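Below is one structure, written out as structure tokens, with a few remarks after it.
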Amino acid sequence: MGENSGWFENTVFYEIYVPSFCDGNGDGIGDLPGVTSKMNYLKELGVGAIWLTPFYPSPLVDNGYDVSDYFAVHEKYGTEADFDRLLEAAHDAGIRVIADMVLNHTSTSHAWFLKSRENQEKYRDYYIWREKIPNNWESFFDGGAWEYDEIRRMYYYHAFSREQACLNWSNPAILEECKEILRFWLDKGVDGFRLDVINFLKTDKAAFAKDNPCDDGIQKHIYDKNQKGVREAVAGLSAFVHTYPDAFLLGEIGDDDLQTIQSYTGKGLLDAAFNFNLGSMEKWDEAYLAEQVTAMEAAGINPTLFFSSHDMRRHFSRLCSENVEAAKLLALFLLTAKGIPFLYQGEEMPLADVRIESSQDLQDAQGRYAYEKMLLLGKTEEEAFGYARERTRDYARGLIDWDLQREGGLQELYQSLLTLRREHEALRTGKYGKIAMNGQLFYFERIGRREKIAVTIDFSLTGMISAGYGGNPVLLEIKGGNGCMGLVEKLV
Ligand code: BGC
């Protein structure tokens with residue numbers, strides 16, 4: 001852990017994807033005043049912090065993860081004064097705010113890139129330029145990661161879209177520039193940051209000489225992430241951020257390897273890693289869940305607990321087949337397991353995936369690139385759309401309709417679980433006791449300083465649990481099927 005009181009370990013976060021959370025001015029796009037207007041809702045729900053996805057000026061090629069000015073607010077989302085009001089309202093409600101910070105790359109419209117492509121001395125090495133394409137690296141969105149620039153007459157490297165040029169972290173000036181950005185928002189009062197794709201920073205010039213291996217035509221991203229020097233860069237950011245009392249530094253780690261994830265956290269590094277071992281589950285698999293929970297515990301990782309985010313399909317559709325009872329059981333796990341929960345906007349309602357019916361519905365850069373690539377390869381419209389539909393991240397990005405009546409009691413359950421977690425230290429920070437999966441019955445214990453709590457979840461949805469089993473006081477029960485599907489008991 002960094003120099004921080006550890007408040008984040010006691011906190012449930014709520015991700016707000018700014019363009020689609022709440023539209024405050026009726027233009028059809030979510031905005032900062034919209035977020036502020038929902039502060040009471042968030043307080044009543046019981047979350048302790050919100051994570052705001054990028055709201056900075058940007059051409060919005062990748063919905064704001066292509067920043068063109070780090071010191072302002074995109075006009076579509078409001079003004080700097082709106083941001084200040086949001087922060088004040090959140091703090092008044094007892095809710096902390098962390099801002100998404102994209103320091104791996106900038107938009108190619110950013111002033112640094114414009115000067116770099118003109119070869120201006122100070123900015124010449126702010127990005128990664130090569131005379132010739134040096135390796136086979138592919139972008140994470142689709143296609144080659146090197147783009148020829150007609151002005152500088154060189155290739156620049158981009159790990160995502162060609163409009164998102166990667167910064168050259170071998171250049172010490174980048175860390176200094178980034179500290180100024182962080183200072184600006186910390187001085188305003190933000191409580192921390194979520195560092196986007198932070199293990200992708202390009203810190204090692206030698207790594208560029210190596211081709212990534214391919215398996216069945218699919219590139220394995222080996223040399224373009226976790227480079228030698230990334231931890232030093234993270235340490236530089238951490239040292240700066242932690243000069244602000246209690247600031248929290250979360251880093252998105254795009255890697256499933258537990259030791260790799262672990263290596264970015266600890267004193268002087270990240271306070272926590274945003275890891276995908278649970279979140280990226282494609283299909284519901286309780287055995288996999290239990291296996292990952294056990295493996296992360298053995299590796300000493302305090303994991304991030306989530307099944308949905310703006311980058312994946314909503315778990316209500318993806319994992320629960322849009323069955324509210326199943327969503328209740330996943331909520332029970334998310335809010336009683338060990339780790340830091342990150343709820344995604346609307347999962348408590350519940351919200352289902354947006355329907356993607358035709359290529360007109362593809363908004364996301366990853367989906368659009370996939371579609372264009374297939375057409376260029378001579379595929380039919382139908383084939384191209386089929387391919388893109390699997391890759392697009394539009395499913396969880398629809399604007400929330402706040403007027404819709406929600407039924408089924410999920411929201412009430414989220415509220416009860418959030419209250420339970422707040423009231424029981426064992427559920428927030430307790431160690432695991434026994435962890436067992438018996439058929440589709442998942443059982444685990446959380447051991448706190450003064451109490452021991454057991455959670456039993458019947459993922460078969462049939463209600464196999466005998467409530468109050470063993471005569472222990474029941475803290476929460478989820479009824480359904482033929483009886484009890486979820487149970488939280490106080491053992492000691
Ligand atoms: C963000 C994505 C974004 C990518 C590139 C990710 O991890 O969550 O939405 O496209 O970084 O910035």
Side-chain angles (χ1 to χ4, degrees), residues 13-21 30 50-68 70 74 77 98-110 113 127-128 137-143 145 147 157-167 169 178 181 193-202 221 224-226 230 234 249-256 260-261 264 270 272-277 279-280 304 306-314 342-345 354 362-370 388 391-398:
F13 289 76
Y14 187 95
E15 180 191 351
I16 292 184
Y17 190 66
V18 177
S20 64
F21 180 63
I50 53 177
W51 148 27
L52 296 176
T53 60
F55 48 82
Y56 320 102
S58 156
L60 302 180
V61 170
D62 184 15
N63 258 323
Y65 285 91
D66 47 324
V67 181
S68 54
Y70 290 88
H74 197 298
Y77 305 142
I98 66 166
D100 217 322
M101 200 41 85
V102 192
L103 305 178
N104 176 66
H105 46 267
T106 73
S107 161
T108 48
S109 308
H110 192 287
F113 188 82
Y127 296 85
I128 301 154
W137 296 1
E138 285 177 3
S139 102
F140 287 85
F141 279 173
D142 243 333
E147 184 74 11
Y157 173 75
H158 60 93
F160 296 92
S161 77
R162 57 185 84 96
E163 295 88 350
Q164 290 164 294
C166 283
L167 287 163
W169 275 82
C178 289
I181 296 167
F193 301 102
R194 176 247 190 207
L195 300 177
D196 190 57
V197 290
I198 202 66
N199 62 320
F200 291 9
L201 297 187
K202 298 299 170 293
H221 292 277
D224 50 354
K225 57 182 195 177
N226 303 317
V230 179
V234 170
L249 199 57
L250 171 76
E252 183 193 23
I253 303 296
D255 206 302
D256 282 345
T260 305
I261 296 165
Y264 288 105
L270 299 173
F274 192 82
N275 70 302
F276 290 84
N277 300 63
S280 56
T304 39
F306 66 93
F307 292 118
S308 292
S309 82
H310 67 286
D311 284 334
M312 53 186 73
R313 292 185 53 203
R314 286 184 171 276
F342 279 83
L343 308 180
Y344 180 59
Q345 62 181 36
V354 167
L362 300 170
Q363 303 288 323
D364 170 38
Q366 184 165 285
R368 284 199 322 270
Y369 283 121
R391 281 157 187 78
T392 193
R393 300 169 300 173
D394 290 311
Y395 296 98
R397 299 181 176 184

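Excluded from the calculations below are hydrogen atoms, water molecules and symmetry mates; all remaining heavy atoms, backbone and side chain alike, are included. Whatever order the structure lists them in is the order used to number ligands and atoms, beginning at 1. These numbers were taken from a predicted model, which means no experiment stands behind them.
- Under the 4.0 angstrom criterion for non-hydrogen atoms, Met312 is not in contact with ligand 1.
- There is a side-chain donor-acceptor pair under 3.5 Å between Asn226 and Asp255.
- The shortest heavy-atom distance from Phe141 to ligand 1 is under 4.0 Å.
- In this structure, the protein non-hydrogen atom closest to atom 12 (O) of ligand 1 is Asp196 OD2, 2.7 Å.
- Atoms of ligand 1 lying under 4.0 Å from at least one heavy atom of His105, given by number and element, are 5 (C), 12 (O).
- Below 4.0 Å from some heavy atom of Glu252 lie the following atoms of ligand 1, by number and element: 6 (C), 7 (O).
- Side-chain polar atoms of Asp66 and Ser58 form a donor-acceptor pair below 3.5 angstrom.
- Shortest contact from atom 3 (C) of ligand 1 to any protein heavy atom: Asp62 OD2, 3.3 Å.
- Of the candidates Tyr344, Phe13, Phe342, Phe276, Phe306 forms a ring-ring contact (aromatic ring centres under 6.0 Å, His included) with just one, namely Phe276.
- Not less than 6.0 angstrom separates the ring centroid of Phe113 from the ring centroid of His110.
- For the ring-ring contact (aromatic ring centres under 6.0 Å, His included) with His105, the lone residue among Phe141, Phe160, Phe200 that qualifies is Phe160.
- Not a single heavy atom of Gln366 lies less than 4.0 angstrom from ligand 1.
- Atoms of ligand 1 found under 4.0 Å from any heavy atom of His310 (numbered from 1 in listed order, with element): 1 (C), 2 (C), 8 (O), 9 (O).
- Checked by atom type, the side-chain pair Thr106/Tyr127 shows a donor-acceptor distance below 3.5 Å.
- Atoms of ligand 1 lying under 4.0 Å from any heavy atom of Arg393, numbered from 1 in the order shown and given with element: 2 (C), 3 (C), 9 (O), 10 (O).
- Side chains of Gln345 and Ser20: a donor on one and an acceptor on the other come within 3.5 Å.
- Close approach of ligand 1 to Asp311 (heavy-atom distance below 4.0 Å) involves ligand atoms 1 (C), 2 (C), 6 (C), 7 (O), 8 (O), 9 (O).
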